[in-house]
Structures are given as C-alpha cells and as structure tokens.
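One structure below.
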Amino acid sequence: MKVFTALYGLTDAADRARELRDAGAGGVATFEGPHDVFAPLTLAATVGGLDLMTNVAIAFPRNPIHLAHQANDHQLLSGGRFHLGLGTQIRPQIEKRFGAQFDRPVQRMTELIAALRAIFEAWNTGGRLDFRGEFYRHTLMTPTFNPGPNPYGPPPIYVGALGPRLTRATAEHADGLLVMPFGSKRFLHGSTMPAVREGLAASGRRAEDFRIIPEVIVSADDDAAIAGTRRLLSFYGSTPAYRPVLAAHGWEDLQPELNAMSKQGRWQEMGSLITDEIMHTIAACGTPAEIAAHIRDRLDGVSDTVFLYQAAPIGVSTLAEIIDELGRDG
C-alpha cells in the first residue's frame, strides 16, 4: 500500500521529506495552515522518490491562472511527481477569513477544474486560451506569460470532498478524490463510493481512470496521542458539514451538542464526548499493527493508497512501523 503523510513546517521541509521517504512514505502532502501550502513542497521537490501533493489548496480565493502556474512549476521542479489537491473549505472560512465568494461551491469547483484544464491545454498545445464560464473567464495568454509545454504533462487535479454532490462532481470531472479524514468504513462504502460510481458513469470513465486517496486519522498508542485524537474528532464533529458521518452510525445528535460547546469556547471539554467506540470507528488507533489492520479493512476494494492524517506529528520510527505493517499485505 502506498502511503502519503503530512509534511509539517517550512524551513526543514526538505530534511523532513527525506526522513519520511527513508521511513517508507511514497508521498508527502501539505495543508492550508500557518504556512503557504505550496512553499514546503518547493523545498521538498529537491528530494527524489516522493510524490508531492497539496492536501488541500483552498481553491476559491485563488485565481485559476495563479493555481495553474503554481501547479505547473511544481510539476517541473519535481520531475512530474506533483498532484494538485484542491478543496472548498466552508462558507465562514471563505467569506470571513479570505474575503472571497462561496456561493454554489459544487458548480464553482467544477468550473474551476475546467478552467485549469483549458489553461494547461493552451500551454501544452500552443492553442488559443478561450475559456468563458460563469465564475471564471480567461481569454488572453501572451507569449510573455506562457511557460510552454510541460515535459511531464499537466499535473493531475484532485478534489477533497465529503458530501454526495461534490463527490459525484469530483468523480465526473477531476482526476482523483481526496476522501476527508473524518469518516468511517460504513460512510466510505455506503455514501462516498455510490457517489463516485455515479460520477464516473456520467463521465463515461472506468474506475481505473480515477484515483481515490482516502485520508485516515491515525492515533499511536499513548495517552497524549489518544487525548489529541479525541480533541481533533470533537473539533471535526462540531462542524455541521460532518454530521452525515456521525448520522451513518446513529450519532447525529452529538454534532449540535459539540457545536454549542465550541461556541461557548469549551474546547478542552469537547473531547470527553468522544467515546472509545466513536474514536475507534473514525480513527485508526493503537499499535502499528492495529492501525494497519484498521486501514486495510476500511480501504478494502476502494484504494491501495492512503494518507495518514495525524492529530500531532507521529515519530518517524513509529511511522515507519505503520508503513511496514501496511506493506505486509502487499
């Protein structure tokens, strides 16, 4: 099984990427946090033997031309090992933090993918750029701003999705799906995969033409990691967008309770509402062997690639053990 894992930090990105590669990771990914999502990958591109991915770059505040240049440059720097992972985020973050528009996110994301493809095609074929959509319009590409054909081809476009409409649209229009980490085997197989099959059928593509990378929250077997995982799950669970995951197991009433506590600033108390059953259903917990067993069981028949989502950075030696255990199953 191929393993992606998180690349934290900035100035040590290349050294950390090298450590993760030597531990057996096949790819590293950055998230939109305290640092720019592309900058660490620029440094990590110097490390061979690793795929690179934004997981995810928040799409709507960025213009497709900006995204296309960043993705194309990283495809060049990495020798064709870059994956552009995009996400919608949620309305308050987009409107209040970024000051951008969030209306009709599924249609907006679908059109953004089409705009990126039009830009990549113009660069790689020398054809005229003439994209006219509802949200994006690109009709000028003079030689000064055209990087020309990429010898590695355009980078694949992935989208992080949870709800059925965006998941279906992703399977219809993108190259791959990043399955959100707050999930479970039941939700993956009962909700996500039916939407994927609908999207692939609408596009006329086969399952082999579309890549799925599930993200799984992992928690090593120690008290600090367990407490951190409970806090992380309570944070996710407080968000209305993740209520369907809880509802799949009959836990939907937990979401408004956690949400109310978050608005009262009771962040430290929220983790106490995450029972052992909830934690072991949504997260892969325990020893490296137990974590690997959970991941293999959840992803069976879906994907041979996983992104290990960590509540806090896992030690390299423990991470290597988890990767070794995942490799035992071929």
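What you are looking at is a predicted structure, and each value in this text was computed from that prediction instead of being measured. Numbers here simply count residues along the sequence, with the first being 1.
At distances below 3.5 Å, not a single donor-acceptor pair connects side-chain atoms of Arg16 with backbone N or O atoms of Leu10. Side-chain N or O atoms of Gln310 include one that pairs as donor or acceptor with a backbone N or O of Ile314 at under 3.5 Å. Here the side chain of His189 pairs a donor or acceptor atom with the backbone of Arg298 at under 3.5 angstrom. With Thr54 contributing its side chain and Val56 its backbone, the two residues share no donor-acceptor pair below 3.5 Å. A donor-acceptor pair under 3.5 Å links the side-chain atoms of Ser78 to the main chain of His74, judged by distance alone. Checking side-chain atoms of Glu290 against main-chain N and O of Thr287 turns up a donor-acceptor pair under 3.5 Å. With hydrogens and angles disregarded, a donor-acceptor distance shorter than 3.5 Å links the side chain of Thr30 to the backbone of Val37. Judged purely by atom type and a 3.5 angstrom limit, Thr110 uses its side chain to pair as donor or acceptor with the backbone of Val106. One N or O on the side chain of Gln75 and one on the backbone of Gly153 form a donor-acceptor pair closer than 3.5 Å. With Arg117 contributing its side chain and His173 its backbone, the two residues share a donor-acceptor pair below 3.5 Å.
Put simply, the residue from Val28, Val47, Ile323 that forms a side chain to side chain contact (heavy atoms under 4.5 Å, CB included) with Leu20 is Val28. Evaluated for a side-chain hydrogen bond (donor to acceptor under 3.5 Å, both in side chains) with Arg211, the options Asp175, Asp304, Thr305 yield exactly one hit, Thr305. Of the candidates Arg21, Lys2, Arg81, Lys2 is the only one forming a salt bridge (charged side-chain N to carboxylate O under 4.0 Å, His left out) with Asp51.
A chain of hydrophobic side-chain contacts below 4.5 Å, direct or via other Ile, Leu, Val, Met, Phe, Trp or Tyr residues, connects Phe102 to Met109. Residues Phe145 and Trp123 share a single hydrophobic cluster, defined by chaining ILVMFWY side chains whose heavy atoms lie under 4.5 Å apart. Linking ILVMFWY residues whenever their side-chain heavy atoms come closer than 4.5 Å, directly or via other members, leaves Leu76 and Phe38 in distinct clusters. Both Ile295 and Met279 belong to a common hydrophobic cluster when Ile, Leu, Val, Met, Phe, Trp and Tyr are linked at side-chain heavy-atom distances under 4.5 angstrom.
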In sequence, state the C-alpha distance, the side-chain angles, and the governing distance for Leu43 and Asp12, and then conclude on side-chain contact (heavy atoms from CB on, under 4.5 Å). CA-CA 9 Å; Leu43 300 175; Asp12 65 341; over 6 Å; no
Tell me, with the steps shown, if Leu273 and Met261 meet side-chain contact (heavy atoms from CB on, under 4.5 Å). CA-CA 11 Å; Leu273 298 187; Met261 293 176 70; 3.5 Å; yes
Test side-chain contact (heavy atoms from CB on, under 4.5 Å) on Thr281 and Lys185; report intermediate values, then the result. CA-CA 8 Å; Thr281 298; Lys185 178 181 178 180; over 6 Å; no
side-chain hydrogen bond (donor to acceptor under 3.5 Å, both in side chains), that's the test. Do Ser238 and Gln255 meet it? Break it down for me. CA-CA 5 Å; Ser238 70; Gln255 187 275 318; over 6 Å; no
Walk me through it: do Phe60 and Gln101 pass the test side-chain contact (heavy atoms from CB on, under 4.5 Å)? CA-CA 7 Å; Phe60 300 155; Gln101 295 183 337; over 6 Å; no
Given the rule in the side-chain hydrogen bond (donor to acceptor under 3.5 Å, both in side chains) test, do His249 and Ser184 qualify, once you have shown the distances and angles that lead to the verdict? CA-CA 9 Å; His249 298 271; Ser184 67; 2.8 Å; yes
Evaluation steps, salt bridge (Lys or Arg N to Asp or Glu O under 4.0 Å), between Arg62 and Glu32: CA-CA 13 Å; Arg62 292 180 166 92; Glu32 194 89 68; 2.8 Å; yes
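Going from atom CG of Leu67 over to atom CG of Leu86 covers 6.0 Å, rounded to the nearest 0.5 Å. Between Leu50 atom CG and Phe82 atom CZ the span is 14.0 Å, to the nearest 0.5 Å. Taking CG from Asp209 and OG from Ser203, the interatomic distance works out to 8.0 Å, rounded to the nearest 0.5 Å. Interatomic distance, CD1 of Ile217 versus CG of Leu308, reported as 11.5 Å (0.5 Å rounding). Note that CD1 of Ile213 and OG of Ser303 are 7.0 Å apart. Values are rounded to the nearest 0.5 Å. One finds the OH atom of Tyr242 at 5.5 Å from the CE atom of Met180 (value rounded to the nearest 0.5 Å).
Here the side chains of Pro64 and His138 are in contact, with some heavy-atom distance below 4.5 Å. Looking at Ile90 and Gln93, their side chains come closer than 4.5 Å, going by heavy atoms from C-beta outward. Looking at heavy atoms from C-beta onward, Arg231 lies in side-chain contact with Gln268 at the 4.5 angstrom threshold. Within the 4.5 Å cutoff, the side chain of Arg230 has no heavy atoms near those of the Phe235 side chain. The shortest distance between side-chain heavy atoms of Thr170 and Ile113 does not fall below 4.5 Å. In this structure, Leu319 and Val218 have side chains that are not in contact, with every pair of non-hydrogen atoms separated by 4.5 Å or more. No side-chain heavy atom of Ile274 sits under 4.5 Å from any side-chain heavy atom of Thr229. Between Asn72 and Pro154 the shortest side-chain heavy-atom distance does not fall below 4.5 Å.
Aromatic ring orientation, Phe4 versus His83: perpendicular (interplanar angle above 60°, classes split at 30° and 60°). The aromatic rings of Phe31 and Tyr8 stand perpendicular to each other, their planes meeting at an angle above 60°, with 30° marking the opposite boundary.
With respect to Asp130 and Arg132, a salt bridge is recorded, a charged nitrogen being found less than 4.0 Å from a carboxylate O. For the pair Arg104 and Glu134, the salt-bridge criterion is met [side-chain N within less than 4.0 Å of a carboxylate O]. Between Asp103 and Arg91 there is no salt bridge, since no side-chain nitrogen of the basic residue lies less than 4.0 Å from a carboxylate oxygen of the acidic one.
Here Phe182 and Tyr236 bring their ring centres to under 6.0 angstrom of each other.
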Please output the side-chain donor-acceptor pairs of residues 156-169 that fall under 3.5 Å, not counting sequence neighbours, one pair per line with the distance.
{"residue": "Thr167", "atom": "OG1", "partner": "Gly163", "partner atom": "O", "Å": "2.7"}
{"residue": "Arg168", "atom": "NH1", "partner": "Glu172", "partner atom": "OE1", "Å": "3.2"}

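Surrounding CG of Asp222 are more than 12 heavy atoms belonging to other residues, nucleotides or ligands, all under 6.0 Å away. Atom CZ of Phe135 has more than 12 neighbouring heavy atoms from other residues, nucleotides or ligands inside a 6.0 Å radius.
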